[in-house]
Amino acid sequence: MPARSPLTGRRSADRGATPSGSSPSSASRASAPTTSGLWLRRFQRTEDAPVRLVCFPHAGGSATYFLSAARAHAPATDVLTVQYPGRQDRRAERPLESIPALAERITEELLPLVDRPVALFGHSMGATVAFEVALRLQERGAPPVELFASGRRSPQTHRGESLHLRDDAALLAELVSLGGTDFRLIDDEVLRAALPALRADYKAVETYTCDGVPVLDLPITALVGDADPKVDLAEARAWERHTSAGFALEVFTGGHFYLAEHAGAVHALLAERLDRHR
């Protein structure tokens, strides 16, 4: 999980970086996914691995954000990454503006793939989507073995955010503050093309509500940066209310995209936890 732009899914220092709604670069084509279908991407030939890890990107993010994770865990783990509509190779599709709508579609895609242990890892908005997918899989008798919720407060914690209602400048300013994206490196036309998906993602996560206290019968690990402005330690610790099978809180130095600075430590943690399910 290298240092990547929250909007592009690429290193923010790369001159060739393009937003999630743009055409793939030659670099991304060189790492073309092997999965078919719209919703899931597999960047390594690991379909025979004994355990699967499904990764859910942040708001404005795309499947390529987890390319390094796929490489780091191959060949021991089959890493699949969700591709939301409205970006990269799905840029012509209308993005979804609802967490439940995303979760329903992704659940249907994952049901045929629960023939072995499946764990879910979501960052920021992706953690909420992953939680809702885990609930649906559990209801269908095919629960995942573990949920990793990164950079996101618990489902019941609400801050009353409404950034999706503000103008484009405010939306981009938020991303700069969270991940240091340098928009001078991105073509204006490409940037404008990416904004509808970004705004839809923010609407989905900011209007999400959790009814009651739904509980998963599987372990939850919350991961958070100690200087993350989007989630404090109490809000991360509140994930414990949503599991009956064990909870852990892992705190790293850094902000919302602490993953960029602690890729090795996060990969090691995931590998250790996934080894329990082989």
Side-chain angles (χ1 to χ4, degrees), residues 1-14 17 19-20 53-73 77 79 81-82 84 119-131 146-155 157 159 161 163 171-183 198 201-202 205-206 219-240 242-243 247-274:
M1 298 173 187
R4 294 177 184 269
S5 154
L7 178 62
T8 67
R10 293 184 162 281
R11 294 181 185 273
S12 58
D14 288 352
S20 58
L53 176 67
V54 183
C55 298
F56 297 73
H58 51 277
S62 56
T64 50
Y65 184 75
F66 291 105
L67 175 58
S68 66
R71 291 170 174 166
H73 292 280
T77 299
V79 176
T81 300
V82 174
Y84 307 132
L120 309 182
F121 181 100
H123 181 66
S124 195
M125 180 188 83
T128 304
V129 180
F131 172 72
E146 198 148 350
L147 170 64
F148 300 93
S150 168
R152 184 65 186 166
R153 50 193 178 268
S154 72
T157 307
R159 288 191 180 184
E161 296 169 320
L163 189 64
L171 202 58
L172 295 177
E174 168 83 352
L175 292 182
V176 171
S177 69
L178 291 178
T181 299
D182 188 350
F183 294 107
L198 179 64
D201 289 353
Y202 268 82
V205 74
E206 289 179 344
I220 295 178
T221 297
L223 304 90
V224 65
D226 61 1
D228 189 342
K230 304 297 288 185
V231 52
D232 61 34
L233 297 186
E235 290 170 325
R237 192 174 291 111
W239 278 96
E240 186 173 10
H242 295 278
T243 176
F247 173 77
L249 175 64
E250 302 288 343
V251 183
F252 300 84
T253 58
H256 192 60
F257 286 92
Y258 74 90
L259 293 171
E261 305 164 36
H262 299 285
V266 173
H267 291 321
L269 171 67
L270 292 175
E272 187 272 329
R273 300 289 172 82
L274 294 174

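When reading the values below, keep in mind they use all heavy atoms of this one structure, side chains included, and skip hydrogens, waters and symmetry mates. Sequence positions, counted from 1, serve as the residue numbers for this chain. Quantities reported herein were computed from a predicted structural model and do not represent experimental measurements.
- Contact record, P57 with A63: CG-N, 4.3 Å, taken as the closest heavy-atom pair.
- Pairing each heavy atom of A119 with each of F148, the nearest pair is CB-CE1, 4.2 Å.
- Atom CG of D201 sits about 10.5 Å away from atom CD of E206, to the nearest 0.5 Å.
- Side-chain atoms of H256 and S124 include a donor-acceptor pair closer than 3.5 Å.
- In this structure, the separation between NE2 on H73 and CG on L53 is 6.5 Å, given to the nearest 0.5 Å.
- Using bins of under 30°, 30° to 60° and over 60° for the plane-to-plane angle, the ring pair F252/Y258 lands in the parallel bin.
- Under the side-chain contact (heavy atoms from CB on, under 4.5 Å) rule, K230 has a single partner from E235, H58, E161, which is E161.
- Checking each of D232, L249, V224 against R237 for a side-chain contact (heavy atoms from CB on, under 4.5 Å) leaves exactly one that passes, namely L249.
- One finds the CG atom of L67 at 11.0 Å from the SG atom of C55 (value rounded to the nearest 0.5 Å).
- Between A238 and T157 the shortest heavy-atom distance is CB-OG1, 4.2 Å.
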Problem - Pair L223-L269, side chain to side chain contact (heavy atoms under 4.5 Å, CB included): steps then yes or no - result: CA-CA 10 Å; L223 304 90; L269 171 67; 3.6 Å; yes
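- Looking at R71 and V79, their side chains never come closer than 4.5 Å, going by heavy atoms from C-beta outward.
- Aromatic ring orientation, F257 versus Y65: perpendicular (interplanar angle above 60°, classes split at 30° and 60°).
- For the pair L147 and A130, the tightest heavy-atom approach, listed with the atom from each and the gap, is CD1-CB, 3.7 Å.
- One distance of note links OG1 of T77 with CG of L274; it measures 5.0 Å at 0.5 Å rounding.
- The two residues W239 and A222 have their closest heavy-atom pair at CD1-CB, 4.0 Å.
- Closest non-hydrogen pair, A59 versus M125, comes out as N-CB, 3.8 Å.
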